[in-house]
Student: 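My questions will all concern the structure given below.
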Amino acid sequence: MARIVLGVTGGIAAYKATAIIRLLTEAGHSVKVIPTQNALRFIGATTLEALSHNSVDPDLYTDVESVKHIALAQEAHLVIVAPATASFLARLASGVADDLLDNTLLATTAPVLVAPAMHTEMWFNAATQANVATLTSRNITILEPDAGRLTGEDSGVGRLPEPEVIVETALGLLQTQDLIGQHFVITAGGTQEPIDPVRYIGNHSSGKQGIAIAKAAAHRGAKVTLIGANIGSISARNVDFVAVSDARELQKAVEANLDKVTALIMTAAVSDFRVESVSPKKIKRAIAGDKISIELVANPDILASSVTRIKADGLKCLTVGFAAETAASESDLRQLAAHKLMSKGCDVLVANDVSNGQVFGSDQNSVLILAKSGIERAVSASKTEVANAILDILIEL
Ligand code: C5P
C-alpha cells in the first residue's frame, strides 16, 4: 500500500480525478487529494472526500499546528497532479508556492507525475513547452496529453490521458529502484539510408518499444543513453538522448558508449543495406528515365560486432537483440528466435511476429523472450509491461 497525494487543478478534466481516485483506492493505495481553489469550481470537495475516504482541506492556513504541507510531502510515496493546468505548470517550474498543493510539491522528495490538460494552442505555447522542459529536467515525469476531443466542439492535442494510463504510469514510478548503478544503452526507431538529398530507404519502426524500455529502465533507477533513429527527441528523467539517422551514425553512437555500459538493448530496426553511392543531387525522373538501378551494400551488423568487442575486451555488458519476424506459427517464431540468438551471439533475443502489421506504432506487443541461459518467456501486454519483463530477465541474468 502506497501513500499517494493527488493534486487536482482547475481545468474541465478535473472531474476525471474521480476515476483516478477509484483506480488507486481499488488497487489498495491510500489517497490524499489536494485540489486547488479553482479545481473546486469544477468538482466538489465532498465528492473527493467520499471517494478517497480521506478529508479534503486545501487551505494552507487551517490545521497549521500539524504543518500540513510538510507532513503531506514527507509521508507521500508518490505525488500525481491530474489534470495540470498551464498556470500550475508555470507555478511549479518557477517555484511559486501560494497554496497547499504548490507548497507540498516544493517540499516532497517523492516521485512526481504531472498530467497536463489544456487547449492545443496553450499546450504548444512556447511558455508552456519551456515550463515542461524545465520540469522534465528536474526529474518530474510529464505524461504528455492525448489528441482528441477537447472541451468544445474542437479536437486536438491537449486531452487528459485516460485515468487507467495515468494510474499505470504513476504506479510505474513507484517501482523498486532495482537498476540503480546500471547504465543502459538502448537503441530505438528505424534507420534511414539516404538515396539522394530527398529520398531514403526506411522502415515502419515507431521506436515505441525502445522508448518504453528506456523509460522503464530509468524509472527503475538506471542511467539510460537512448540512441534514437528518426524518432524526434525524447526527454525523460535519467535519460540522455542521442539523435541519429542512418546505420553508421547509430553504430558510432553505440561504440562511443560501449565500454561504460552494463547492458546494450538494440530495439532499433537497422537497415541491413545502404546505397553505395548517394546521389549528391535529387534524381530527376526526366533524366533517369523509366527504370533505374540503385546498388546497395551491406551495413555493419552493429549488434553482432558489439558482441564480438564485448567478448574480446572482457566488458561486463549484457546484450539484447530484437527480431521482427514474419513467422507462420508460434513454433516457427521460436525457431527463428533461437537461430537469431545463436547467430548474433547476444545474451537475450526478443522476437515478435510482425506478419499482420499490428506491432508497428501500436502500444501493445506480443513477444517471445529467449535467453542464452535457457530462460524462455512469452509476453503479450502493453509495451511498458513488455519492457519491464525484459528488464526482469536482465536482473535475473
Ligand atoms: O538480423 P536482423 O536485422 O533481424 O536483427 C535484428 C537485430 O539486430 C536488432 O536487435 C537490430 O537492432 C540489430 N541489427 C544491427 N545491425 C544491423 C541490423 C540489425 O545491430 N545491421
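Start at 1 and go down the list; that is how both ligands and their atoms are numbered. Quantities reported herein were computed from a predicted structural model and do not represent experimental measurements.
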Student: Under 3.5 Å, N or O to N or O, is Lys344 touching ligand 1 that way?
Tutor: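 Lys344 vs ligand 1: N/O contact under 3.5 Å present.
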Student: Do any pairs count as a side-chain hydrogen bond (donor to acceptor under 3.5 Å, both in side chains) and have a residue in residues 5-29, sequence neighbours left out, and if so which ones?
Tutor: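 Checked against side-chain hydrogen bond (donor to acceptor under 3.5 Å, both in side chains) - neighbours excluded - no pair reaches residues 5-29.
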Student: Between Lys340 and ligand 1, does any nitrogen or oxygen pair lie at a separation below 3.5 Å?
Tutor: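 Min N/O separation from ligand 1 is below 3.5 Å for Lys340.
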Student: Should the heavy atoms of other residues, nucleotides or ligands under 6.0 Å from CZ of Phe42 be counted, would the total exceed 12?
Tutor: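 Correct, the count exceeds 12.
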Student: Between the side chains of Gln209 and Asn365, does any donor sit under 3.5 Å from an acceptor?
Tutor: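 Yes, a side-chain donor-acceptor pair sits under 3.5 Å.
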Student: With respect to Met266, determine whether any N or O atom, backbone or side chain, lies less than 3.5 Å from an N or O atom of ligand 1.
Tutor: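 Min N/O separation from ligand 1 is below 3.5 Å for Met266.
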Student: Looking only at protein heavy atoms, which one is nearest to atom 20 (O) of ligand 1, and how far off is it?
Tutor: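 That would be Leu303 N, 2.7 Å.
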Student: Please determine whether a side-chain nitrogen of the Lys or Arg among Asp240 and Lys223 lies less than 4.0 Å from a carboxylate oxygen of the Asp or Glu.
Tutor: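 Salt bridge: yes.
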Student: For ligand 1, indicate whether the residue Ala324 contacts it via side chain, backbone, both or neither (heavy-atom separation under 4.0 Å).
Tutor: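 The answer is neither.
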Student: Using a plain distance cutoff, I'd like to know if Ile302 has any nitrogen or oxygen under 3.5 Å from a nitrogen or oxygen of ligand 1.
Tutor: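 Yes, Ile302 has an N/O under 3.5 Å of an N/O on ligand 1.
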Student: In terms of residue, atom name and distance, what is the protein heavy atom nearest to atom 6 (C) of ligand 1?
Tutor: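 In this structure, atom 6 (C) of ligand 1 has Phe322 O, 2.8 Å as its nearest protein heavy atom.
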Student: Could you list the atoms of ligand 1 found under 4.0 angstrom from a heavy atom of Asp301?
Tutor: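 Near Asp301, the atoms of ligand 1 are 15 (C), 16 (N), 17 (C), 20 (O), 21 (N).
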Student: Please determine if Glu325 and Lys340 form a salt bridge, counting it only when a charged side-chain N lies under 4.0 Å from a carboxylate O.
Tutor: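 Yes, charged N to carboxylate O under 4.0 Å.
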Student: Classify the contact between Ala323 and ligand 1 as side chain, backbone, both or neither, using a heavy-atom distance cut-off of under 4.0 Å.
Tutor: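 No part of Ala323 comes within reach of ligand 1.
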Student: More than 12 non-hydrogen atoms from neighbouring residues, nucleotides or ligands closer than 6.0 Å to CD on Glu295, yes or no?
Tutor: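 Counting neighbours around CD of Glu295, 12 or fewer heavy atoms of other residues, nucleotides or ligands fall under 6.0 Å, so no.
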